[in-house]
Q: 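The structure's right below; bear with me while I get my questions together.
Just so it is clear: chains get the letters A, B, ... in the order the sequence lines come, proteins before strands, and each one is counted from 1. As the structure is a computational prediction, the values presented were derived from the model and not from experiment.
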There are 2 protein chains.
Amino acid sequence: MNDADASPGFLQSFARGLAVIRAFGKNTPAMTLSQAAARTGLTRANARRILLTLLELGYVEQDGRLFRLRPKILDLGYSYLSSLSVGAIAQPIMEDMVLRVKEPCNLAMLDGTEVIYVGRVAAKQIVRDDLGIHIGRRFPAYTTSLGRILLGGLSPAALDRYFNEAQLVPLTPRTITDPEKLRAAIKRDHDRGFSYVKQESGERCSIAVPVTDNNGIVAALGIGWYAGVRADDEFRDSLLPELLGAAREVSNTLRQVR
Amino acid sequence: MNDADASPGFLQSFARGLAVIRAFGKNTPAMTLSQAAARTGLTRANARRILLTLLELGYVEQDGRLFRLRPKILDLGYSYLSSLSVGAIAQPIMEDMVLRVKEPCNLAMLDGTEVIYVGRVAAKQIVRDDLGIHIGRRFPAYTTSLGRILLGGLSPAALDRYFNEAQLVPLTPRTITDPEKLRAAIKRDHDRGFSYVKQESGERCSIAVPVTDNNGIVAALGIGWYAGVRADDEFRDSLLPELLGAAREVSNTLRQVR
DNA sequence: CTGAGTTTGTGCGATATGCGAACAAATATT
DNA sequence: AATATTTGTTCGCATATCGCACAAACTCAG
């Protein structure tokens, strides 16, 4: 975080505080204050003030020298989720669909160059999923069907910015990383109203469709499963009407609400 | 937020910034900067600096005069969820159980005088659930079976503090609000290893059991359903072995991990 | 148990940050 | 078009925040 670049009125203390919250994670469920300073590039005294402020506000707890985030931190994300009408509208519709199709369903939005899950309905799967799939989880947009749908909803200028910023790294031998091929895939998926991606970010297939409001694509709705466990192409074909129906129902309700 | 009471080293700017994030919610998905100032008691100039800092960091977006939280804010809660081993361990076990029992299952922790959901698996229900049930959602502890289980895991001193702080307001005619009766119910539930609550916070029944690690109760696992739609007591009896089995599986894994 | 190394807590002086007020500019409403 | 309301900007000021240095506490190896 380059303080010198901040604009006037930018609150550096606040920004530093948020950086400390972000420093917690799967690999660092707890941190000492020296670790917090190291991970954020702050001075130890500063990291200490931030952690003590979080402690006083109830967002962290202290266990000897270790600080851990407390459930109250979920209030911050909950502010967003509870304000997200597409999430509230989609949730029961996703639940109905998952019952029929027996695969987990996700709702995602674009955030920078990544997709971020804002809704999820789990389901029994033949092979156990990555246990870390949560609301808030992120994936590179280009490697997922959800991401391609969302990228397809960008204006040309925004799509150009995406390609300027995204680093198209192959995650599997099948990952499309050539920008022209990726643009073509995004356009094709946009035109045909769905995206199907097979083994570009792991050993999974996924299919996704757009969710729209009066202004355009606001989210993507998708289903993913492990490749090869079933007849993938036939399964995709059976899922598509379900997804399109669910997405249409969500989109229709969104247009009425706003 | 009474600035004058803050301890030395307490970072007021950071605390104010977090207050602005919390001001967003279901009823205020978007705010102007005057509204943000009004809702947080800050000056307009201050609220503006905070919102512009969040804008620059990518946590909010601006639409004319309106500011809205962006999905990136989920990163803050995700820091916590991804660090929460009980959540990761419980999720697949909950998914398996929900498939068998056909009712939604929740994992909750105690936070102040409330329970907060840290895990949830949805299911098809006969009657549509409150659409707003998300991770991060809170309920008064005393009115829920999850809450009674968690209160039962408190030390006597901590339980006394709970009773000092909690406001035991009747939410339905069945809500237990007499402190002595509530203490007795908590103890009974702790002793018998499950809690069953019927229509104390709405028209729902719920049953919950403890999840423990080496230090004691860390979470509660529960199932809830609308009262009267089925034979509630018989259903509870059929659910209990399922919940106990799932909770035992989670608890056993927790003990191995730490 | 001791000593060395590491980490945290504390106090203090300096100053950069954050603040609020006042007024200009822009927007919304009637 | 006029008025009311809200937002943007600038500036001076106060203090909140900062970093440093040293004390205190803790951890670890022998």
Q: Picking from D:dG19, C:dG9, D:dT17, which would you name as closest to the side chain of A:R48?
A: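 Among D:dG19, C:dG9, D:dT17, the one nearest the side chain of A:R48 is C:dG9.
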Q: Between B:F10 (CZ) and D:dC18 (P), how many Å, whole number?
A: 13 Å
Q: In whole Å, what is the span from the CG atom of A:L66 to the P atom of C:dT7?
A: 13 Å
Q: Relative to the 5' end of DNA chain C, which residue comes earlier, B:T43 or A:R65, by the nucleotide with the nearest heavy atom?
A: A:R65
Q: Could you walk me through whether A:L69 and B:S79 pass the side chain to side chain contact (heavy atoms under 4.5 Å, CB included) test, one step at a time?
A: CA-CA 8 Å; A:L69 288 173; B:S79 292; 3.7 Å; yes
Q: Using atom CZ of A:F14 as one end and atom P of C:dC19 as the other, report the distance to the nearest whole Å.
A: 11 Å
Q: In whole Å, I'd like the distance from the CG atom of B:L33 to the P atom of D:dT5.
A: 16 Å
Q: Can you work out whether A:F67 or A:S13 has the more 5'-proximal nearest nucleotide on DNA chain C?
A: A:F67
Q: Is the side chain of B:R137 donor-acceptor paired with the backbone N or O of B:I116 at a distance under 3.5 Å, no angle test?
A: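 No, B:R137 side chain to B:I116 backbone: no donor-acceptor pair under 3.5 Å.
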Q: How many Å lie between CG on B:N46 and P on C:dG20, as a whole number?
A: 5 Å
Q: Looking only at side-chain atoms of B:A45, point me to the closest of D:dC18, C:dG9, C:dA21.
A: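 The answer is C:dA21.
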Q: Considering only heavy atoms from C-beta outward, does the side chain of A:V86 approach that of A:D213 to under 4.5 Å?
A: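 No, every pair of side-chain atoms sits at 4.5 Å or beyond.
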Q: Within the pair A:Q12 and C:dT17, is there a side-chain N or O less than 4.0 Å away from OP1 or OP2?
A: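 So the side-chain polar atoms of A:Q12 do come within 4.0 Å of the phosphate oxygens OP1 or OP2 of C:dT17, strictly under.
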Q: Over how many whole Å does the gap from A:L11 atom CG to D:dT17 atom P extend?
A: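 Atom CG in A:L11 sits about 10 Å away from atom P in D:dT17.
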Q: Just how far, in rounded Å, is P of C:dG9 from CD of A:Q62?
A: 6 Å
Q: Look at the side-chain N and O atoms of A:R49 and state whether any lies under 4.0 Å from the OP1 or OP2 oxygen of D:dA16.
A: no
Q: Please name the pair of heavy atoms, one in A:T40 and one in A:A19, separated by the smallest distance, quoted to 0.1 Å.
A: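 Taking A:T40 first and A:A19 second, the nearest heavy atoms are CG2-O, 3.7 Å.
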Q: Without decimals, in angstroms, what is the distance between A:R16 CZ and C:dA16 P?
A: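 Between P of C:dA16 and CZ of A:R16: 13 Å.
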Q: May I ask you to verify whether the side chain of B:R44 and the base of D:dG8 hold a donor-acceptor pair under 3.5 Å?
A: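 Side chain to base: pair present.
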Q: Can a salt bridge be assigned to the pair A:D160 and A:R183 using a cut-off of 4.0 Å between side-chain N and carboxylate O?
A: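 The answer is yes: the pair qualifies as a salt bridge.
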